[in-house]
Structure formats: structure tokens, C-alpha cells
There are 2 protein chains.
Amino acid sequence: MLTIGKLGAQAGVKVPTIRYYEQIGILPEAERSAGNQRLYSRKALERLAFIRHARDLGFTLEAIRDLLSLSDNPDQSCAAADTIAKAQLAEVESRIARLTALKAELERMVVQCAGGRIADCRVIEVLGDHSLCATDHRHPHSAHPD
Amino acid sequence: MLTIGKLGAQAGVKVPTIRYYEQIGILPEAERSAGNQRLYSRKALERLAFIRHARDLGFTLEAIRDLLSLSDNPDQSCAAADTIAKAQLAEVESRIARLTALKAELERMVVQCAGGRIADCRVIEVLGDHSLCATDHRHPHSAHPD
DNA sequence: CTAATGTCTCTAGCAACTATAGCTTCAAGA
DNA sequence: TCTTGAAGCTATAGTTGCTAGAGACATTAG
């Protein structure tokens, strides 16, 4: 049996985060010691590692909740898990695309700012005037994930 | 003079967001009509466009506050704005790198999910067992920017 | 036995919005 | 002119995924 601190160390998750996961019901309530401290089994460690990996891959806790409920009854089709992973992949690809456009813009800004006065500095200008922008950040207006 | 709705439509920013920006002091308090409704000038539209573009480029509101204060008194060196842009560029490049690694991982997961039973599903398996991971998301444990 | 560290609960805070409720104002049609 | 519906107002609370702090109790090393 592991204390919460050991569990966190082994899974690479901070202690308050573990308690938070329990609070929102993504980890089951832990057993307690005589002194009311949480005790965790190997199974709990695995579940936490699962969560940690999924978070690292950018899955939301909601998606993880779904994945966990799938893995809890493993006798059905894999399709739902596949769907969730695919959606995640699409999201990641979209983010990469947006960030790449963004990078080009920032590079342009930095190059053009040769250290003159701000009045001549395109950094400000580019951000203020859309017509000077290389990218088109008007229509999509996707909620900012950041 | 524009109402808040028109302003939002023209800048591509939702109405509550504009009020939020005013509340946190990144937009000045708007003039009011006789009936207490906000009225905006062309200048306000430009400022909001500036903010919108900067947000699209991944700047935090704090960085934007700095940029705005620079553009509000444009008689100084461009160096500060340049510094801010360069910091953002580094951040963006790092995000792209992380997302690209992540994408590879997700693609691997999706490809390997052949639609069988969950018990055999690599999506679940990969998330549960770190040894199946190609990437190393153990040490860095960088706070997730997403 | 004591001191240091770990753990407990509870509450509040973070960014950057978004949503809701209940009200007032405005613009356009009949 | 009246009316109806959209748009605006304020204020408050909720969102996501944690993180930080306070003050009290538990455990462990020396």
C-alpha cells in the first residue's frame, strides 16, 4: 500500500492533483489508514498512470473519464476508444497548423523590427492592422485552447 | 460610433469578452449613450483588433498589456516589443515541437486500433503502460498550456 | 521524545473567458 | 403610435485543470 506522496512520486503526479482527481470522481475514494491517511493499491497506481499518460497526450479529463469507463468493461468494441483518439488527433493537428501560421507571423515581426523606434516598428503595426497579416485569423474564431 | 454588438462583429470578438476586457482594464471604459449603452469609436475598434490579433498569435493578456503600453507611447526603442515577440516565438516553437511528438504518438495509437475488443485495444493499452510509449512524458511534467 | 516531514480538510485563486438571470433600451414593422 | 423582439445592461457564478495557503493531525527518523 502506498501513501499519497509515494503514489504521486511513482506516477509523476502532484499530491494535490491526486486529491483533486478523487474529488471529481475520476479516481475512486481511497482506503484510509487508522490515522485517516489515504492508502493506494497497485491498481490505483495503474489507473493514475493511465490518467497521467492521457493528460500528457492532451486528452481532457472528460475524454479520460470516457476512456476509463470503456476500459472498465473491456468486452466491447474498440470503436469508441478509437473515435476519442481520432478526435484528439484532429485537434492536435489543428493546433499545430494554427501555431505554424503564428510562428511565421512572429518571425516576420521579429525580422522587421530592426531596433528602431516603436513608431517604425512593425510588431505593433502587424498586430493592429489585419491587412498586414499573413494569416487569416478572422473567420475561424475557434475558442482559444490556451 | 459603434454599439458593442457591432464592435464585436467587426473585430471578431464576442460581446461579453469586450465587457470583460473593459473590466480588467485592457480596454478603456467606453462612452455611454443616453440610455447607458456603450459606444465605441474607430480607435477602440483598432485597439480591440490589436488585442484580438495578439490573442490569436498566442500572446497572453499580460503580454498584450505590455505591448499596448508600448504602443501608447511610441517614442521609445523598439527593443521591448522585440523582446516580447521573441519570447512568444520561442514559446510557440516549443509548443509546436511538443504537439508534433504528441501527434506521432496519437497516430500510432489510432493506426494500431484495428476495431477489435477493448481488451486488445492499443489505445487503452498505450495509455496504461508507459513502456509502450514512444515519447517520454515522464520527467518534464511541464504544466499543460492547454 | 522530539523535531521534521507528510498528510488531512477546506477555502480561495489562476487565466480567459462563458453563461445565466432579470432587467432596460432600442429599432423596425403594423 | 404601439408593440414586439433583439440587443444591451449589471451582477454573479460557472468553466477547466489544477495550484497555493492555512491550520490541524499523523508518521517517522534520530
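Only this structure's heavy atoms are used, side chains among them; waters, hydrogens and symmetry mates stay out. So that the names make sense, note that chain A is the first sequence line, chain B the second, and so on, each numbered from 1.
Shown here is B:R32, whose CZ atom has more than 12 heavy atoms of other residues, nucleotides or ligands within 6.0 Å. Within 6.0 Å of CD in A:E31 there are 12 or fewer heavy atoms belonging to other residues, nucleotides or ligands.
Between B:E22 atom CD and D:dT10 atom P the separation is 8 Å, expressed in whole Å. For B:R32 and C:dT25, the CZ to P distance is 13 Å, given to the nearest whole Å. Here the P atom of nucleotide C:dA16 and the CG atom of B:L27 are 15 Å apart, to the nearest Å. Spacing between atom CE of A:M1 and atom P of D:dT27 amounts to 15 Å, rounded to whole angstrom units. Distance, A:L39 CG to C:dT7 C1': 11 Å, rounded to whole Å. In this structure, the CZ atom of A:R52 is 14 Å from the C1' atom of D:dG17, given to the nearest Å. Here C:dG6 presents its C1' atom at 13 Å from CD1 of A:I18, a figure rounded to the nearest Å. Taking atom CG of residue A:L2 and atom P of nucleotide D:dT27, one finds them 16 Å apart after rounding to whole Å.
Contact annotation: A:K14 side-chain N/O to D:dT19 OP1/OP2 distance is under 4.0 Å. Here B:S33 reaches the OP1 or OP2 of C:dC26: one of its side-chain N or O atoms lies under 4.0 Å away.
Comparing C:dC8, D:dG17, C:dC17 by their closest approach to the side chain of A:L61 singles out D:dG17. Taking the side chain of B:Y20 as heavy atoms from C-beta on, and the options C:dT18, C:dT7, D:dT19, the nearest nucleotide is C:dT18. With C:dT9, C:dG6, C:dA16 as the choices, the nucleotide that has an atom nearest any side-chain atom of A:R19 turns out to be C:dT9. The listed nucleotides are D:dT19, C:dC8, C:dA16; the one nearest the side chain of A:N36 is C:dC8. Closest to the side chain of B:Y21, from the set C:dC17, D:dC9, C:dT9, is C:dC17. Comparing D:dT27, C:dC26, D:dG17 by their nearest atom to the side chain of A:R55 picks out D:dG17.
Positionally, the nearest nucleotide of DNA chain D for B:I4 lies more toward the 5' end than for the other of B:I4 and B:Q23. In terms of position along DNA chain D, the nucleotide closest to A:T17 lies nearer the 5' end than the nucleotide closest to the other residue of the pair A:T17 and A:A34.
For the pair A:E62 and A:R65, the salt-bridge criterion is met [side-chain N within less than 4.0 Å of a carboxylate O].
At the heavy-atom level, B:R38 lies under 4.0 Å from the strands shown only through sugar-phosphate atoms. The residue A:F59 sits apart from the nucleic acid: no heavy atom pair falls under 4.0 Å.
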Chi angles and distances behind the side-chain contact (heavy atoms from CB on, under 4.5 Å) call for B:I18, B:Y40: CA-CA 11 Å; B:I18 297 171; B:Y40 294 93; 3.6 Å; yes
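With hydrogens and angles disregarded, a donor-acceptor distance shorter than 3.5 Å links the side chain of A:T100 to the backbone of A:I96.
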